[in-house]
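As a basis for the values below, the full set of heavy atoms in this structure was taken, side chains included, without hydrogen atoms, waters or symmetry mates. Read the numbers this way: they start at 1 and go in the same order the structure lists the ligands and their atoms.
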Amino acid sequence: MIVIKNLSKVYHLKSGDVTALENVSMTVQEGEIFGVIGNSGAGKSTLVRCINLLELPDSGSVTVNGTTLFQTEENGTLVVLPEKELNRQRRQIGMIFQHFNLLDRSTVFDNVAYPLKYSGLTRKEIRRRVGELLELVDLKDKASVYPSQLSGGQKQRVAIARALANNPRVLLSDEATSALDPDATESILQLLEKLNRELGLTIVIITHEMAVIRAICDKVAVMEQGHVVECGDTYRIFSRPRAEITRRFVSSTSGFSQADKLIARWDEILAGKENGAFYLLLFTRDSLSQATVSRISREYGVDLDILLANIELLRGGSIGRMLVAASGNGESIQAALRDLKQHHVEVREVTGYAVD
Ligand SMILES: Nc1ncnc2c1ncn2[C@@H]1O[C@H](COP(=O)(O)OP(=O)(O)OP(=O)(O)O)[C@@H](O)[C@H]1O
Ligand SMILES: [Mg+2]
């Protein structure tokens, strides 16, 4: 478990101070895949670098698996664990990066063996451990090649094997898939999910892509300008985003940013329709299987033209969104909408030109 409390960090530059983190607090439960999303400059990398003290924060505390790595005392001084103990704790935390950070002049085997150098293991034990790790990331046949001979996805697998060499309980991933194509991204995310499932590894994923969060995260914290603006269960964040920036992130992957184009043409689309209006329907895991638009349309004699629809698959369940143009008898439309609401479908009449 990782408990982060009131973490703050200001960079002092000639051009002025930059507040990278201001009173950031969050708790990552053991065995969780926890996402941190935010735009460029939001403070994500600073946060993750402060967790394992690659960066020294100004104040706050971080506790990993019950051991406090650093904390601010009442007089304001930051007290850090003694170096030897800190290094022992750091071995419990693996880290992977966007650009892999491999040793280019060393083979895959040597890259993975590198963190085991001072582990006290014999050569034979190291060989066995590296073999296990390469097997785990599906790169057994690449032990003797050099990083330049690997694809991006394979390089990231080597980096993951290296990060896991000392059996950490936590893996920090800073934009690990940002330099990869969609197929490689997918396979790395699947690998991370497997490591979480099979090893019980706690994973903190830093990303600027909501699709990464949607694919594997249990929880998510949304950061903006050094602050956590929203934090919660991924399913809740996707179905009911609260902060403005979270809404933007959600609509960037839901495909519903396109709804604006249709809404802008509503005069044309609704022309000649009796009581025509646009509605946005949100189907959650409570309503997806129960309420079908075709049944409602049939039962109430209401025309519901589906203009845009999608279903997103999340770890916690599915979310469906639909933009419909309804028309027919006014009372029947209202009765149909009430029926949908009774089946836990969120119904929103579109009255403006923007969809969030
Ligand atoms: N070493 C540094 N010296 C000075 N300022 C820094 C340093 N590192 C980060 N910053 C500043 O702190 C802020 C947060 O940066 P950070 O790298 O944490 O953002 P980020 O969310 O990881 O962004 P990105 O998505 O681009 O990686 C930015 O304004 C950045 O310019
Ligand atoms: Mg970053």
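Side-chain contact between Leu323 and Phe256 is present, with heavy atoms from C-beta onward closer than 4.5 Å. Side-chain contact between Leu201 and Val170 is absent, with no heavy atoms from C-beta onward closer than 4.5 Å.
Contact between Gly43 and ligand 1 is present, with at least one heavy atom of the residue lying under 4.0 Å from the ligand.
Contacts between Asn39 and ligand 1, counted as non-hydrogen atom pairs separated by less than 4.0 Å, involve the backbone only.
In this structure, Ser327 contributes its side chain and Lys273 its backbone to no donor-acceptor pair below 3.5 Å. In this structure, Gln156 contributes its side chain and Ala176 its backbone to a donor-acceptor pair below 3.5 Å. For Lys44 (side chain) and Gly226 (main-chain N/O), no donor-acceptor pair under 3.5 Å exists by modelled atom type.
In terms of protein heavy-atom proximity, atom 12 (O) of ligand 1 is closest to Ala20 CB, 3.5 Å. Counting protein heavy atoms only, atom 26 (O) of ligand 1 is closest to Ser40 OG, 2.6 Å. Considering only non-hydrogen protein atoms, atom 27 (O) of ligand 1 sits nearest to Ser45 OG, 3.9 Å. Given atom 31 (O) of ligand 1, the protein heavy atom at minimum distance is Val18 CG1, 4.7 Å. Shortest contact from atom 3 (N) of ligand 1 to any protein heavy atom: Tyr11 CD2, 3.5 Å.
With respect to the salt-bridge test (charged N to carboxylate O, under 4.0 angstrom), the residues Arg240 and Glu346 qualify.
Distance check on atom 7 (C) of ligand 1: some protein heavy atom falls below the 4.0 Å cut-off.
A side-chain N or O of Ser187 and one of Arg157 form a donor-acceptor pair less than 3.5 Å apart.
Checking Gly226, Gly41, Ser178 against atom 14 (C) of ligand 1, the nearest heavy atom belongs to Gly41. In the candidate list His208, Lys44, His12, Lys44 is nearest to atom 25 (O) of ligand 1, counting heavy atoms. Ranked by closest heavy atom to atom 15 (O) of ligand 1, the top entry among Thr46, Leu13, Ile206 is Thr46.
Few gaps surround CZ on Arg197; more than 12 heavy atoms of other groups in view lie less than 6.0 Å from it. Under a cut-off of 6.0 angstrom, the local environment of CD in Gln89 is crowded, with over 12 non-hydrogen atoms contributed by other residues, nucleotides or ligands.
Taking 2.8 Å as the threshold, Ser45 counts as a candidate ligand of the Mg ion (ligand 2), since one of its N, O or S atoms lies below it.
The shortest N or O to N or O distance between Leu47 and ligand 1 is not under 3.5 Å.
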